[in-house]
Amino acid sequence: MLIIYDSLTGNVERFTKKLEMKCVKIVEGLIVDEPYVLITYTTGFGQVPLSVEKFLRKNNVNLKGVIGSGNMNWGSYYNGAAKKISEQYETPLIHTFELSGNLNDIEKVKLEVTNIV
């Protein structure tokens, strides 16, 4: 399963490298024509990053699930972007992790993503 991600501070990018799976970073104009899972950070007070919003407007058909990276210091806004995307696109919220995740997060995501049909 393809992983599409965006990273602002580098936390999500560090996480994706630990996955050892096919991962592609969101860039302007990216079109994805195969099933994928999205990993995103949260910006502001629980908002979806603009780059992720733009990407999803053109690429939501093949979205099979979302994973969020966040910082628990944000309280109720923690992983707000992943939660909003899950609701808006009626796709599973597969997992959330703090900052760049830990070994348990990596293993859980690998397992969950591998089991998506």
Side-chain angles (χ1 to χ4, degrees):
M1 176 73 58
L2 177 63
I3 305 284
I4 301 295
Y5 72 95
D6 204 3
S7 184
L8 178 66
T9 63
N11 284 329
V12 174
E13 192 153 27
R14 281 188 290 281
F15 184 84
T16 60
K17 288 181 180 177
K18 294 180 222 173
L19 288 174
E20 299 176 343
M21 301 174 86
K22 183 178 178 187
C23 300
V24 176
K25 186 172 184 180
I26 293 175
V27 294
E28 186 75 32
L30 176 65
I31 300 295
V32 178
D33 58 2
E34 64 183 279
Y36 71 92
V37 170
L38 174 70
I39 304 179
T40 186
Y41 63 96
T42 296
T43 189
F45 294 94
Q47 277 92 29
V48 177
L50 182 57
S51 55
V52 174
E53 281 184 6
K54 286 181 178 180
F55 170 79
L56 286 171
R57 280 187 215 130
K58 295 181 181 177
N59 294 284
N60 62 66
V61 172
N62 291 308
L63 177 63
K64 299 300 177 191
V66 63
I67 299 164
S69 168
N71 186 321
M72 289 187 186
N73 289 340
W74 284 93
S76 64
Y77 299 115
Y78 173 69
N79 277 299
K83 293 172 187 172
K84 286 179 181 177
I85 291 167
S86 174
E87 290 174 18
Q88 181 177 353
Y89 294 99
E90 298 178 349
T91 192
L93 176 59
I94 297 170
H95 188 63
T96 60
F97 60 92
E98 189 168 26
L99 303 173
S100 59
N102 59 40
L103 290 176
N104 290 334
D105 295 315
I106 295 295
E107 292 306 313
K108 178 165 175 61
V109 167
K110 281 183 174 182
L111 179 65
E112 294 294 327
V113 169
T114 302
N115 288 327
I116 294 175
V117 179

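Below, all heavy atoms of this structure are taken into account, side chains as well, without hydrogens, waters or symmetry copies. Everything numeric here is computed off the predicted structure, so don't read it as measured data.
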Membership question, hydrophobic clusters at under 4.5 Å side-chain separation (ILVMFWY): are Val48 and Phe55 in the same one? yes
In this structure, are over 12 heavy atoms from other groups packed under 6.0 Å from Lys25 atom NZ? yes
Same cluster (ILVMFWY, side-chain, under 4.5 Å), Val37 and Val66: no
Let me check something: do Ile3 and Val52 share a hydrophobic cluster, defined by ILVMFWY side-chain heavy atoms less than 4.5 Å apart, either directly or through other members? no
Checking Glu53 now: which residues fulfil salt bridge (charged side-chain N to carboxylate O under 4.0 Å, His left out) with it, not counting sequence neighbours? Arg57
Quick one: side chains of residues 67-74, donor-acceptor pairs under 3.5 Å with protein atoms, not counting sequence neighbours, listed by atom name and distance.
from, atom 1, to, atom 2, distance (Å)
Ser69, OG, Leu99, O, 2.7
Asn71, OD1, Asn73, N, 2.8
Asn71, OD1, Asn73, ND2, 3.3

Listed once per pair and sorted, the ring-ring contact (aromatic ring centres under 6.0 Å, His included) pairs that draw on residues 84-115, sequence neighbours left out: Phe15-Phe97
On a heavy-atom basis, the closest approach of Ile26 and Leu30 is CA-CD2, 4.0 Å
Nearest heavy-atom approach of Gly101 to Lys18 is O-NZ, 3.7 Å
Quick check on the hydrophobic clustering: are Leu63 and Val32 connected, directly or via other members, by side-chain heavy-atom contacts under 4.5 Å? yes
NZ/Lys17: more than 12 non-hydrogen atoms of other groups inside 6.0 Å: no
Mind listing the closest non-hydrogen atom pair of Leu19 and Ile106 along with its distance? CD2-O, 4.0 Å
Just verifying a value: how many Å separate Glu34 CD and Ile4 CD1, rounded to the nearest 0.5 Å? 7.5 Å
Quick check: does any side chain N or O of Asn79 sit under 3.5 Å from a backbone N or O of Ala82, one acting as donor and the other as acceptor? no
Tyr5 and Ile94: same hydrophobic cluster, using ILVMFWY side-chain contacts below 4.5 Å? yes
Looking only at heavy atoms, what is the nearest atom pair of Ile85 and Leu38, with distance? CD1-CD2, 3.8 Å
Tell me whether the count of non-hydrogen atoms from other residues, nucleotides or ligands lying under 6.0 Å of CG in Leu103 goes above 12. no
From Met21 atom CE to Leu2 atom CG, the distance as rounded to the nearest 0.5 Å: 9.5 Å
To the nearest 0.5 angstrom, please state how far the CE atom of Met1 sits from the CG atom of Asn115. 10.0 Å
Nearest 0.5 Å, please: how far is OG1 in Thr40 from CG in Leu8? 10.0 Å
Heavy-atom closest contact (Thr91 atom, Lys64 atom, distance): OG1-C, 3.2 Å
Would you say the side-chain atoms of Thr42 pair up with the backbone N or O of Ala81, donor to acceptor, closer than 3.5 Å? yes
As an exercise, state the distance from CG of Leu111 to OG1 of Thr114, rounded to the nearest 0.5 Å. 6.5 Å
When you compare the side chains of Ser51 and Asp6, does any donor N or O come within less than 3.5 Å of an acceptor on the partner? yes
Quick one, Gln47 with Tyr77, criterion side-chain contact (heavy atoms from CB on, under 4.5 Å). Give me CA distance, side-chain angles, the key distance, then yes/no. CA-CA 8 Å; Gln47 277 92 29; Tyr77 299 115; over 6 Å; no
More than 12 non-hydrogen atoms from neighbouring residues, nucleotides or ligands closer than 6.0 Å to CD on Glu28, yes or no? no
Looking at Leu93 and Ser86, what are the two nearest heavy atoms and their distance? N-OG, 3.5 Å
